[in-house]
There are 2 protein chains.
Amino acid sequence: MFNLYRWGRSVLQKNITAHDIANHLGISQSTVSRVFTPGASVSEKTRRRVLEAAELLGYRPNMLARSLITKKTNMIGLVMGDIDNPFYPEVLSKLSGELKKRQYNVLLLNAENDDVPSESLIQFLGYNIEGLVVTDVLLSSSIVSQFAELDIPIVLFNRYTTNAHCHTVCCDNMDGGRRIGEYLLRTGHRRLAFISGDPNTSTSQDREKGFRDALLNEGLHFMTESGGYTYEMAYEAANRLFLRADRPDAIFCANDIMAIGAIDAAKKLGVRVPEDVSIIGFDNIKPAAWAGYDLTTWTQPVDRMIEATIDLLLEKIEEPDRRSQADYQWIKGHLVERNTVMTRNKND
Amino acid sequence: MFNLYRWGRSVLQKNITAHDIANHLGISQSTVSRVFTPGASVSEKTRRRVLEAAELLGYRPNMLARSLITKKTNMIGLVMGDIDNPFYPEVLSKLSGELKKRQYNVLLLNAENDDVPSESLIQFLGYNIEGLVVTDVLLSSSIVSQFAELDIPIVLFNRYTTNAHCHTVCCDNMDGGRRIGEYLLRTGHRRLAFISGDPNTSTSQDREKGFRDALLNEGLHFMTESGGYTYEMAYEAANRLFLRADRPDAIFCANDIMAIGAIDAAKKLGVRVPEDVSIIGFDNIKPAAWAGYDLTTWTQPVDRMIEATIDLLLEKIEEPDRRSQADYQWIKGHLVERNTVMTRNKND
DNA sequence: CTGTTAGCGCATTCAA
DNA sequence: TTGAATGCGCTAACAG
């Protein structure tokens, strides 16, 4: 009889290989491999024996060796931008969760202050990641072309470029901005202001552009301040706005964090929200729902965006020629009415 | 002369290997390998030629093949608990950043609601991760022993167990709780309350225990409510507290999110903070500093905790016998005084 | 259904 | 300093 010690290896050995199992069972290594290869043909009996021995000895196929041959690592690179915005941890968590459901693992890279470390991305290539998701930042074109040459798909989450190799899943920011503008108009606001995020980002630009379009239809202009997507800068920006002679009756902030900063600034100055000024945000992060703010805002449909991201990415990976998914997807959000906007008398 | 096409491969070829470079240069594959192996001996001249050709052809060593031999993958597994608490995205981002500085990459796994997917962790073993960092959750002992058998170190961040194989880097929660208790006593509070987090977590338990110790020294008891580490539950818990006949004059919440919920509950009921009730949190997350809350709280020294985590983990990985780092580290935080606690007249 | 063989791309002996 | 040879652990033909 074969037994655990027959081949001079103890149960406590660290690296059990398919070979060990094969020897232990007196079968060939490739048969063992077949048991762990979906779709390979093995008799039910040997399958059971192998599985049993594997369980006993603690065998687990070595993904690295496997990947070396199959060229499938099941690893996806994830580049995270602005983690300070609570919107993105949510994205991160859901994205990695969904990816795991589909058998993919996430190799993480965080890009602090818009500075995507190119060398790390190149390292990722060394690990043979099969795809890349990039949230809220842009990649250098040199990096993009390296990925392109290797046919590794890239999906930009909430960003877009004209670079043909980058696909995009994005909240329809223009639409959001426009409909927020229309909403503010419809509720009787006339002295409007916009606090922008980082002016270099398409998210901020598009929200502003949509907003402008809506106002232009009514022949209205609006004041602008820069809030850099941070609480502190938006707080200051709002202060400047409130101190103006023609103080706005509504402020649209390019994200919720800034809207919260604006609300706090208003409180400090004794400007009442929404009686004296309406404030509206964008993202619908958790704190927006807190009783202390109760912020009217715009929802980014995270779940649908993530679903689209994954469907797009995995289609590119698994059936590159299928192209059933659009390469650029703009997903519309919707208004969440809470209590920071009030309807005004148009003859105010 | 050799040229790019001599070996029938075009510049656009997808997978350039060390062999390709070798052929292109008319040298051996092992020489090419040496150029990319720190400490190997290659003449300066060939090193330059190889590097040049590599650059030209876009060669990059395949980490998988390399790891197969060296047993070094430079990958660290990271299990993230409660990502809803803004404290943890910060940890995530800093941890992965520091790890990258030390040449390690992060394989991510997020554990939603305390449910660590064991199969995913076992998958991680297949990828030959070299270490595991676990934030704010606990692992099943069966998983831990599998890691132990393979000598893969585990560092628990903000959790601890008696399991010998798990090392720990933790904010000294008992100390924090105690010193918060002492602070509240010193500032004249006598009717104290505690809103706990998830009662199963050591973080909540220890903060409560320290708090109790401080009060016991003065022979005081305190009211307790459960806030489950969420804004909503803490809001309700605070409501119950405020409606009692013996309404507390100070509430210690086991984290900032809950303290914010408590503040909002107070506002809603017209209970003034800090005039009628003092509120103190734990974590010092960003929103605690917002003007709308201006929360007095306890800082977890994130940077030092992360540094300790990495030092500990990498020592276990790189020089397992050195043991210069303590296996269990409790790091003390400190009070951040803002405006939700006021000194009371002891004869009130 | 199973065993044999041949690599995947690389680091690492051992000679030269 | 370099090249030839070997094998890490595995999958994928190819026979049988």
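Chain A is the first sequence line, chain B the second, and so forth, proteins listed ahead of strands; every chain is numbered from 1. Values below: every heavy atom of this structure, side chains too, minus hydrogens, waters and symmetry copies. Nothing here was measured: the structure is a model prediction, and the numbers come from that model.
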Look at the side chain of [X] and decide which nucleotide, out of [options], has an atom nearest to it.
| X | options | answer |
| --- | --- | --- |
| Asn62(A) | dG3(C), dA11(C), dC10(D) | dC10(D) |
| Thr70(A) | dC10(C), dG9(D), dT11(D) | dT11(D) |
| Thr17(B) | dT1(D), dC10(C), dT2(C) | dC10(C) |
| Ile27(A) | dG9(C), dG3(C), dC8(D) | dG3(C) |
| Ile69(A) | dG9(C), dG9(D), dT13(C) | dG9(D) |
| Ser43(B) | dT11(D), dT1(D), dC10(C) | dT1(D) |
| Arg66(A) | dT11(D), dC14(C), dC8(D) | dT11(D) |
| Ser28(A) | dG9(C), dT4(C), dC1(C) | dT4(C) |

Would you call the rings of Phe87(B) and Phe157(B) parallel, tilted or perpendicular if under 30° counts as parallel and over 60° as perpendicular?
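Phe87(B) vs Phe157(B) ring planes: tilted.
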Phosphate oxygens OP1/OP2 of [N]: is one of them under 4.0 Å from a side-chain N or O of [X]?
| X | N | result |
| --- | --- | --- |
| Ser30(B) | dT12(C) | no |
| Tyr59(A) | dC10(D) | yes |
| Lys71(B) | dA11(C) | no |

May I have the distance from [X] (atom [atom1]) to [N] (atom [atom2]), rounded to whole angstrom?
| X | N | atom1 | atom2 | result |
| --- | --- | --- | --- | --- |
| Tyr127(B) | dG9(D) | OH | C1' | 15 Å |
| Leu25(A) | dT2(C) | CG | P | 11 Å |
| Phe36(A) | dA12(D) | CZ | P | 15 Å |
| Lys72(A) | dC10(D) | NZ | P | 19 Å |
| Lys45(A) | dT2(C) | NZ | P | 9 Å |
| Arg34(B) | dT2(D) | CZ | P | 8 Å |
| His19(B) | dA11(C) | NE2 | C1' | 14 Å |
| Asn23(A) | dG9(D) | CG | P | 13 Å |

Just to be sure I understand the rule, does [X] reach a base, reach only the sugar-phosphate, or reach nothing, if contact means heavy atoms closer than 4.0 Å?
| X | result |
| --- | --- |
| Ser41(B) | base |
| Thr46(A) | sugar-phosphate |
| Thr31(B) | sugar-phosphate |

Are Asp20(B) and Tyr59(B) close enough that a side-chain donor and a side-chain acceptor fall under 3.5 Å?
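No - no donor-acceptor pair under 3.5 Å links their side chains.
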Under 6.0 Å from the CD atom of Glu319(B), do we count more than 12 heavy atoms belonging to anything else shown?
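Result for CD/Glu319(B): enclosed.
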Give a yes or no on whether Glu318(A) atom CD has more than 12 heavy-atom contacts from other residues, nucleotides or ligands under 6.0 Å away.
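Enclosed: over 12 neighbouring heavy atoms sit under 6.0 Å from CD of Glu318(A).
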Atom of Leu156(B), atom of Cys166(B) and distance for their closest heavy-atom approach
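What the structure gives for the nearest pair is CD2-CB, 3.8 Å.
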Residue pair Pro153(B) / Glu130(B): nearest heavy atoms and the distance that separates them
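For Pro153(B) versus Glu130(B), the nearest heavy atoms are CD-O, 3.3 Å.
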I'd like to know if Gln29(B) reaches the base of dA4(D) with its side chain, counting only an N/O donor and acceptor under 3.5 Å.
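Under the 3.5 Å cut-off, the side chain and the base do not form any donor-acceptor pair.
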Checking only heavy atoms, does the side chain of Arg60(A) share a donor-acceptor pair with the base of dG9(D) at less than 3.5 Å?
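Answer no: no donor N or O sits under 3.5 Å from an acceptor.
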For Leu68(B) and Arg47(B), take the nucleotide of DNA chain D holding the closest heavy atom to each; which residue's nucleotide lies nearer the 5' end?
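With Leu68(B) and Arg47(B) compared, the 5'-side residue is Arg47(B).
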